[in-house]
Amino acid sequence: MTDWSQLHHAYGTAEDIPGLLDAVSAVPKDSDWTELWSRLCHQGTVYSASYAALPALRDMAREWSPSDRLMPLCLAGAIVASVDQPYGDQDPHVAYASEMSDLTRLTEEALRDPTLADDPDTYVYLLAALLGFEGVEVWGEQLDGLNDEEFEVPCPACSTENFIAFGEYGFFSTTDSMYMNETAARQVPLQPANPSALEGLAHRLHSRALEDAQADVAHKLTYVFGKAQCAECDAIFSVAEAITTRWEA
């Protein structure tokens with residue numbers, strides 16, 4: 001039995017975690033999920049109670065149908081992928097290896113849910129969770145930038161912050177954080193990767209998105225794994241490498 005009184009979350013000792021785990025439902029907007037998430041993965045920070053909750057989140061996902069298990073999988077994925085561990089450097093892939101195996105399988109089942117064809121955002125969240133369970137550095141935390149249609153990264157040449165936009169407002173790099181307000185700031189077109197030239201993780205994610213009927217996700221991935229031109233100094237750089245450099249442990 002877990003002694004939650006000896007564990008901590010964002011607001012103190014963790015005696016309240018079992019009650020929250022029992023209270024949550026399969027409804028993503030359930031307020032108990034907000035409470036649980038804020039305690040166990042507060043702004044991306046994890047705690048001793050966060051890892052202790054992984055078996056319960058695994059059990060919850062196992063009991064619920066593939067279409068209902070989004071929240072336990074995504075919270076578990078965020079916990080596992082976090083590198084913000086101010087209270088210890090435990091590796092959940094080692095300490096909870098069995099849970100990681102189960103969570104990987106459960107996420108694969110959820111990704112095959114046919115209802116995701118009309119829900120690319122949920123698809124991306126689940127795919128990010130899968131990468132977290134597999135131990136893929138950076139992308140388990142950052143892949144959901146696909147849903148935001150933006151990454152903010154420093155130019156590797158001049159360190160100027162560039163906003164890499166790929167969606168509703170266009171496909172470009174800019175130094176203007178308010179580019180969505182139709183300002184006159186310089187916008188430099190992105191250079192998407194040729195899908196046939198993608199390798200490694202990029203090829204895997206792009207091919208999978210196409211196989212899973214997520215054409216829009218696959219299209220965005222060509223920009224994330226393509227190149228950008230700094231809107232300040234004109235240096236050309238790999239978007240994915242800039243993301244990895246910023247966020248790697």
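Numbering starts at 1 and runs along the sequence shown.
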Do any N or O atoms from the side chain of Glu149 and from the backbone of Glu168 form a donor-acceptor pair under 3.5 angstrom? yes

Cut-off 3.5 Å, side chains only: do Asp176 and Thr174 have a donor facing an acceptor? no

Begin from the C-alpha positions of His42 and Tyr47 and carry the test ring-ring contact (aromatic ring centres under 6.0 Å, His included) through to its verdict. CA-CA 9 Å; His42 185 72; Tyr47 311 85; 7.6 Å; no

Could you tell me whether the side chains of Ser82 and Asp84 share a donor-acceptor contact shorter than 3.5 Å? no

With under 30° as parallel and over 60° as perpendicular, where do the rings of Tyr169 and Tyr179 fit, or are they tilted in between? perpendicular

Any idea which heavy atoms bring Ala242 and Pro154 closest together, and the distance? CB-O, 4.3 Å

Is there a continuous path of hydrophobic side-chain contacts, each under 4.5 Å between heavy atoms, that joins Leu54 to Trp37? yes

Looking at side-chain heavy atoms only, is the closest gap between Leu57 and Leu21 below 4.5 Å? yes

Using side-chain heavy atoms (C-beta onward) and a distance below 4.5 Å, is Val239 in contact with Tyr223? no

Considering non-hydrogen atoms only, spot the tightest contact between Leu111 and Leu127 and give its length. CD2-N, 4.0 Å

Could you walk me through whether Phe166 and Leu146 pass the side-chain contact (heavy atoms from CB on, under 4.5 Å) test, one step at a time? CA-CA 8 Å; Phe166 47 93; Leu146 286 171; 4.0 Å; yes

pair Thr244-Trp139: side-chain heavy atoms closer than 4.5 Å: yes

Can you hop from Trp64 to Val27 via hydrophobic side chains spaced under 4.5 Å? no

Same cluster or not: Leu198 versus Ile236, using hydrophobic residues (I, L, V, M, F, W, Y) connected whenever any side-chain heavy atoms lie under 4.5 Å apart? no

May I ask you to check whether over 12 heavy atoms, not counting those of His203, lie within 6.0 Å of atom NE2? no

If hydrophobic clusters are built by linking Ile, Leu, Val, Met, Phe, Trp and Tyr wherever their side-chain heavy atoms come under 4.5 Å apart, do Leu210 and Leu130 end up in the same one? no

Mind checking whether Glu99 and Val80 have side chains closer than 4.5 Å, heavy atoms only? no

Least distance between heavy atoms, Ala129 atom then Cys74 atom: CB-CA, 4.5 Å

Are any of the side-chain heavy atoms of Ser38 and Tyr11 separated by less than 4.5 Å? yes

Side chains of Glu152 and Arg246: does their closest heavy-atom pair fall under 4.5 Å? yes

Shortest non-hydrogen pair, Cys230 vs Phe237, comes out as N-CE2, 3.9 Å

Over 12 foreign heavy atoms within 6.0 Å of CD, Glu241: no

Evaluate the side-chain contact (heavy atoms from CB on, under 4.5 Å) criterion for residues Ile17 and Leu36: first the C-alpha distance (whole Å), next the side-chain angles of each, then the deciding distance (0.1 Å), finally the verdict. CA-CA 7 Å; Ile17 294 300; Leu36 193 60; 4.1 Å; yes

Pair Glu137-Val83, side-chain contact (heavy atoms from CB on, under 4.5 Å): steps then yes or no: CA-CA 9 Å; Glu137 294 184 359; Val83 294; over 6 Å; no

Look only at the side chain of Ser101 and the backbone of Ser98, and say whether a donor-acceptor pair between them is shorter than 3.5 Å. no

Residues Asp234, Arg186: salt bridge by 4.0 Å N-O rule: yes

Tell me whether Asp212 contacts the main-chain N or O of Gln214 through its side chain, where contact means a donor paired with an acceptor under 3.5 Å. no

What pair of heavy atoms forms the shortest contact from His206 to Pro195, and how long is it? CE1-CB, 3.5 Å

To the nearest 0.5 Å, atom NZ of Lys220 lies from atom CZ of Phe171 at 8.0 Å

Arg62 vs Asp102, side-chain contact (heavy atoms from CB on, under 4.5 Å): CA-CA, chis, key distance, verdict: CA-CA 8 Å; Arg62 188 160 52 189; Asp102 291 339; 3.7 Å; yes

Does any non-hydrogen side-chain atom of Pro72 lie less than 4.5 Å from one of Trp33? yes

Could you report the tightest heavy-atom contact between Leu190 and Ala165, atom names first, then the distance? CD1-O, 3.3 Å

Just wondering, do Leu40 and Val46 contact through their side chains at under 4.5 Å, heavy atoms? no

Tell me whether Leu205 shares a hydrophobic cluster with Val136, the cluster being built from Ile, Leu, Val, Met, Phe, Trp, Tyr side chains joined at under 4.5 Å. yes

Is a side-chain N or O of Asn147 found less than 3.5 angstrom from the main chain of Asp121, in a donor-acceptor match? yes

